[in-house]
Each structure stands twice: as structure tokens, then as C-alpha cells.
Amino acid sequence: MATTEMIDLAIEVSKKAYVPYSHFPIGAVLLTKDGKIFTGVNVENASFGLTNCGERTAIFKAVSEGYQSFSELVVYGETEEPVSPCGACRQVMTEFMAPDALITLVAKDKSTKVMTLEELLPYSFRDLD
């Protein structure tokens with residue numbers, strides 16, 4: 001389960017988000033199966049379809065460094081309730097995380113909602129080979 005340090009890091013990294021349009025910073029902390037940490041923030045673009053979410057930023061950073069197996073993801077948003085990943089992020093998470101990987105969603109008061117990836121995205125599309 002997410003440590004206090006992971007939650008605090010997600011909050012801290014959210015301050016680096018580039019959100020001139022939505023003003024909705026997200027910070028993500030990704031834990032590899034061997035204990036390495038990667039962080040990510042949302043990066044917006046005037047062409048909104050080119051915006052990248054914090055969850056995918058963390059995953060893409062890790063994959064670009066040679067990691068492809070993750071055990072936990074912490075997502076922080078400055079919201080009253082824990083913020084939930086979008087559909088695109090959920091599908092990317094499904095590509096690299098086991099169904100029992102933990103997802104910790106964190107609100108601005110540090111309240112959390114913890115679930116497995118399977119609970120977050122039941123009946124997800126997975127490669128069938």
C-alpha cells in the first residue's frame with residue numbers, strides 16, 4: 001500500500017504540472033516491481049488532444065528507461081474527493097500493470113481511495129496471445 005512518502009511525493013510533484021488551461025494539476029508516483037520510483041505530471045497543450053496526463057507521463061518515463069512491470073500507482077489531485085484516472089490512462093495502466101496492482105487515489109486533504117487495477121477497470125481489454 002502507498003506509503004506516506006509516496007503520497008507526499010505525488011503532492012510535491014503535482015506542483016510541476018503544466019496546466020495553463022485547466023489549472024488542474026495532477027501528480028503521479030509509479031512504483032516498479034523492483035522498487036524504483038518514477039513520477040509524472042499532466043502536461044497540457046493548446047491543442048487539447050495533445051495533452052498528456054500525469055499517470056501516463058510516469059508510465060512513459062519508466063518505459064523509456066527500460067521498466068515495464070509496475071506494482072503500484074499513486075495519483076494526487078487538488079480535489080475534494082480522490083481523483084480518478086481517465087479512460088486513456090486506465091488502458092495504458094492495463095498494458096503494464098497486473099490486475100492486482102494497487103492504485104491509490106489521493107484528494108487534497110490526503111484522504112485516499114485504494115483499489116486494484118481490476119477494480120478500477122473491470123473487464124479491461126488485454127492482449128489475448
Is the shortest heavy-atom distance from the side chain of [X] to the side chain of [Y] under 4.5 Å?
X: Val83; Y: Glu78; result: no
X: Val19; Y: Pro25; result: yes
X: Pro85; Y: Leu120; result: yes
X: Ile37; Y: Leu9; result: yes
X: Ser111; Y: Pro82; result: yes
X: Val106; Y: Val75; result: no
X: Lys110; Y: Tyr76; result: no
X: Glu80; Y: Asp109; result: no

Rounded to the nearest 0.5 Å, what's the gap from [atom1] on [X] to [atom2] on [Y]? Could you check?
X: Phe24; Y: Thr79; atom1: CZ; atom2: OG1; value: 5.5 Å
X: Ile7; Y: Glu5; atom1: CD1; atom2: CD; value: 9.5 Å
X: Phe96; Y: Lys33; atom1: CZ; atom2: NZ; value: 13.5 Å
X: Asn42; Y: Arg56; atom1: CG; atom2: CZ; value: 10.0 Å
X: Cys86; Y: Glu55; atom1: SG; atom2: CD; value: 6.5 Å
X: Asn52; Y: Ile59; atom1: CG; atom2: CD1; value: 10.0 Å

* Strictly by modelled atom types, are Asp100 and Thr116 linked by a side-chain donor-acceptor pair under 3.5 Å? -> no
* Go through the steps for Lys61 and Thr39 under the test side chain to side chain contact (heavy atoms under 4.5 Å, CB included), then give the verdict. => CA-CA 8 Å; Lys61 281 172 61 176; Thr39 61; 3.4 Å; yes
* Asked: Where do Leu73 and Ala28 come nearest, in terms of heavy atoms and distance?
  -> CD1-CB, 4.2 Å
Does one hydrophobic cluster hold both [X] and [Y], with members joined at side-chain heavy-atom distances below 4.5 Å?
X: Val74; Y: Met93; result: no
X: Val92; Y: Val63; result: yes
X: Met6; Y: Ile11; result: yes

* To do: Show your working on side chain to side chain contact (heavy atoms under 4.5 Å, CB included) between Thr94 and Leu121 and close with a plain yes or no.
  => CA-CA 8 Å; Thr94 298; Leu121 185 58; 3.4 Å; yes
* N/O donor-acceptor pair under 3.5 Å between Thr57 side chain and Val41 backbone -> yes
* Asked: What do you reckon, is CD of Glu81 surrounded by more than 12 foreign heavy atoms closer than 6.0 Å?
  -> no
* Matching residue for Phe38 among Phe60, Tyr67, Phe70 - test: ring-ring contact (aromatic ring centres under 6.0 Å, His included) -> Tyr67
* To do: Step by step, work out the side chain to side chain contact (heavy atoms under 4.5 Å, CB included) result for Leu31 and Lys36.
  => CA-CA 6 Å; Leu31 181 65; Lys36 184 152 176 66; over 6 Å; no
* Asked: Step by step, would you call Ser47 with Asn45 a side-chain hydrogen bond (donor to acceptor under 3.5 Å, both in side chains)?
  -> CA-CA 5 Å; Ser47 175; Asn45 190 281; 4.6 Å; no
* Go through the steps for Glu44 and Ser22 under the test side-chain hydrogen bond (donor to acceptor under 3.5 Å, both in side chains), then give the verdict. => CA-CA 8 Å; Glu44 294 181 346; Ser22 73; 2.2 Å; yes
* Structure fact -> In Met97, Lys113, Arg90, Glu72, the residue satisfying side chain to side chain contact (heavy atoms under 4.5 Å, CB included) with Ile103 is Met97
